[in-house]
Chemist: 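Here it is, the structure in full.
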Amino acid sequence: MNDAKEASSSISNFSNEFQSSQQMDWLRVQDSLKGKLITEDDFKWRLPTREKEGSCEILKYVGGVDLSFSKDDSSIACGTLVVLDLTTQKVVYEDSSIVRLHIPYLPGFLAFREAPVLLELLDKMKNNAHCFYPQLLMVDGNGLLHPRGFGLACHIGVLADLPTVGVGKNLHHVDGLTQSTVRELLQAADSPEHILPLIGDSGCIWGAAMRSSEGSLKPIFISVGHRISLASAIAIVRMTCKFRVPEPIRQADIRSRERLRNNQ
DNA sequence: GCGACAG
DNA sequence: ATCTTGTCGC
Ligand SMILES: [Mg+2]
């Protein structure tokens with residue numbers, strides 16, 4: 001092997017080893033944060049019903065977060081937080097931040113790329129004691145539906161100490177679950193709710209697939225993020241699905257892309 | 001070795 | 001994630 005080849009090979013070895021040791025750190029972080037995860041309802045509000053019961057706080061402010069990326073420079077991203085009024089389904093708060101990302105997208109490690117800017121937006125709103133601070137946050141990315149049961153929605157939920165729900169637009173294959181199998185089962189299942197629990201080969205329930213709008217056959221994938229049960233997560237997501245993607249996430253996605261277009 | 005791989 | 005316009009249909 002000549003010197004040039006040897007040099008490039010050792011650079012690449014170094015780079016690979018660095019990546020892999022960073023991933024080992026990340027595995028430990030995920031494992032550690034997972035110890036704080038709560039997968040049952042843990043909030044003081046309740047879902048809106050048609051009865052009006054006076055004393056209890058009702059869920060009204062639902063947040064959504066997403067990132068968009070520059071087509072020219074893939075390290076430039078815009079993170080956006082929106083809050084919707086559940087009654088009107090209108091955006092009552094919007095904030096975004098354009099940042100340079102230094103961490104690549106790696107399946108299973110999305111949170112290390114996307115969570116920091118989103119946590120900053122949440123923190124800024126909380127520190128201002130904003131009256132629309134969300135009672136629940138919907139995240140564009142999975143929660144428990146993740147190779148180690150700790151996706152972006154769990155990560156944000158634990159670090160912000162906020163109830164979160166994960167919503168994926170594509171299935172991250174885990175525990176024998178595949179996109180095609182799930183679609184077939186969802187079609188075959190005679191569920192009037194258009195919902196299918198995602199039960200893996202191990203028997204574990206990772207979340208649920210749901211055909212969320214009349215307009216599309218392609219399901220969305222709902223999973224528990226933090227401080228909420230799967231049943232509650234499904235009920236709330238369903239309330240916000242005017243289109244396939246739940247409105248808080250859809251608005252964060254749209255406004256994030258708009259902001260990047262008008263500001264870079 | 002092969003296929004899979006949230007955003 | 002992004003590259004990309006129109007087109008068909010309710
Ligand atoms: Mg996204």
Side-chain angles (χ1 to χ4, degrees), chain A residues 16 19-20 23 26-27 30 33-34 64-81 96-119 121 137-157 164-183 198 200-201 204 206-226 233 237 242-246 248-261 264:
Chain A
N16 291 336
Q19 273 212 337
S20 132
Q23 285 180 44
W26 287 347
L27 290 174
Q30 288 178 330
L33 292 178
K34 195 176 172 180
V65 285
D66 191 26
L67 271 74
S68 61
F69 299 86
S70 162
K71 58 175 181 178
D72 306 317
D73 181 349
S74 62
S75 74
I76 300 290
C78 176
T80 295
L81 164 66
S96 53
S97 172
I98 294 174
V99 293
R100 188 177 287 281
L101 298 181
H102 304 285
I103 292 173
Y105 166 65
L106 295 169
F109 300 99
L110 179 64
F112 297 92
R113 177 170 164 84
E114 297 200 350
V117 61
L118 300 176
L119 287 167
L121 290 167
L137 185 71
M138 292 191 191
V139 176
D140 183 29
N142 297 317
L144 290 185
L145 179 51
H146 176 273
R148 292 165 296 281
F150 198 78
L152 177 61
C154 302
H155 200 108
I156 290 176
T164 56
V165 173
V167 179
K169 300 182 289 292
N170 293 100
L171 181 66
H172 193 163
H173 293 193
V174 149
D175 197 12
L177 297 163
T178 69
Q179 193 106 278
S180 60
T181 309
V182 167
R183 281 223 223 180
L198 295 171
D201 292 339
C204 178
W206 296 86
M210 183 171 83
R211 283 174 53 180
S212 53
S213 74
E214 302 300 322
S216 89
L217 294 175
K218 186 175 181 178
I220 57 173
F221 303 92
I222 303 167
S223 58
V224 167
H226 184 47
V237 167
K242 184 179 179 183
F243 304 108
R244 185 174 83 105
V245 174
I249 291 174
R250 186 170 161 268
Q251 287 301 325
D253 176 79
I254 291 170
R255 290 162 191 250
S256 172
R257 198 176 292 97
E258 263 175 12
R259 167 77 202 280
L260 204 50
R261 191 162 50 76
Q264 281 277 331

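Every chain is numbered from 1, with letters handed out A, B, ... down the list of sequences.
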Chemist: Please convert DNA chain B into dot-bracket. A pair counts if it is Watson-Crick or G-U wobble with both distances under 3.5 Å; crossing pairs go in [ ] and bases paired with another strand get |.
Modeler: .......
Chemist: Are the side chains of A:Ile222 and A:Leu198 in touch, meaning some heavy atoms are under 4.5 Å apart?
Modeler: no
Chemist: Kindly write out the residues that satisfy side-chain hydrogen bond (donor to acceptor under 3.5 Å, both in side chains) with A:Asp140, not counting sequence neighbours, or none if the list is empty.
Modeler: A:Lys169
Chemist: List in chain and number order the residues that pass side-chain hydrogen bond (donor to acceptor under 3.5 Å, both in side chains) with A:Gln30, two or more places apart in sequence or in another chain; answer none if no residue qualifies.
Modeler: A:Arg148
Chemist: Mind listing the side-chain donor-acceptor pairs of residues 97-112 of chain A below 3.5 Å, one per line with the distance, residues two or more places apart or on another chain?
Modeler:
residue, atom, partner, partner atom, Å
A:Arg100, NH1, A:Asp73, OD2, 3.2
A:Arg100, NH1, A:Ser75, OG, 3.0

Chemist: At under 4.0 Å between heavy atoms, what does A:Phe112 touch on the DNA or RNA strands: base, sugar-phosphate, or nothing?
Modeler: nothing
Chemist: Among residues at least two apart in sequence or on other chains, which ones pass side-chain hydrogen bond (donor to acceptor under 3.5 Å, both in side chains) with A:Lys242?
Modeler: none
Chemist: Identify whether any heavy atom of A:Leu67 sits under 4.0 Å from a base atom; if not, whether one sits that close to sugar-phosphate; answer base, sugar-phosphate or nothing.
Modeler: nothing
Chemist: Rounded to whole Å, please give me the gap between CZ in A:Arg261 and C1' in C:dA1.
Modeler: 17 Å
Chemist: Categorize A:Gly168 for me: base, sugar-phosphate, or nothing, with a 4.0 angstrom heavy-atom threshold over every strand shown.
Modeler: sugar-phosphate
Chemist: Which letter, B, S or -, goes with each nucleotide of nucleotides 3-10 of chain C from 5' to 3', with contact meaning a protein heavy atom under 4.0 Å?
Modeler: S-------
Chemist: Using the test side-chain hydrogen bond (donor to acceptor under 3.5 Å, both in side chains), find all partners of A:Thr80 that sit at least two apart in sequence or belong to another chain.
Modeler: none
Chemist: Could you run through DNA chain C and flag its stems, i.e. three or more consecutive Watson-Crick or G-U pairs with both distances under 3.5 Å?
Modeler: none
Chemist: Rounded to whole angstrom units, what separation is found between the CG atom of A:Asp140 and the C1' atom of C:dA1?
Modeler: 10 Å
Chemist: Closest approach of A:Asn142 and A:Leu145, non-hydrogen atoms and distance?
Modeler: CB-O, 3.1 Å
Chemist: When the distance from CG of A:Asn170 to C1' of C:dA1 is rounded to whole Å, what number comes out?
Modeler: 11 Å
Chemist: Are any non-hydrogen side-chain atoms of A:Leu67 and A:Val117 less than 4.5 angstrom apart?
Modeler: yes
Chemist: Answer with base, sugar-phosphate or nothing: what part of the nucleic acid does A:Ser68 contact at a heavy-atom distance below 4.0 Å?
Modeler: sugar-phosphate
Chemist: Tell me what A:Gly166 touches on the nucleic acid: a base, only sugar-phosphate, or nothing, going by heavy atoms under 4.0 Å.
Modeler: nothing
Chemist: Please, which pairs that meet side chain to side chain donor-acceptor pair (under 3.5 Å) have at least one residue in residues 210-222 of chain A, sequence neighbours excluded?
Modeler: none
Chemist: Restricting to ring pair (Phe, Tyr, Trp, His ring centres under 6.0 Å), what partner residues turn up for A:Phe150, sequence neighbours left out?
Modeler: A:His155
Chemist: Nucleotide range of DNA chain B contacted by chain A, 5' to 3', under 4.0 Å to a heavy atom?
Modeler: B:dA4 to B:dG7
Chemist: In this structure, how many angstroms lie between the C1' atom of C:dT2 and the OH atom of A:Tyr105, rounded?
Modeler: 14 Å
Chemist: Tell me, please, which residues at least two apart from A:Arg261 pass salt bridge (Lys or Arg N to Asp or Glu O under 4.0 Å).
Modeler: none
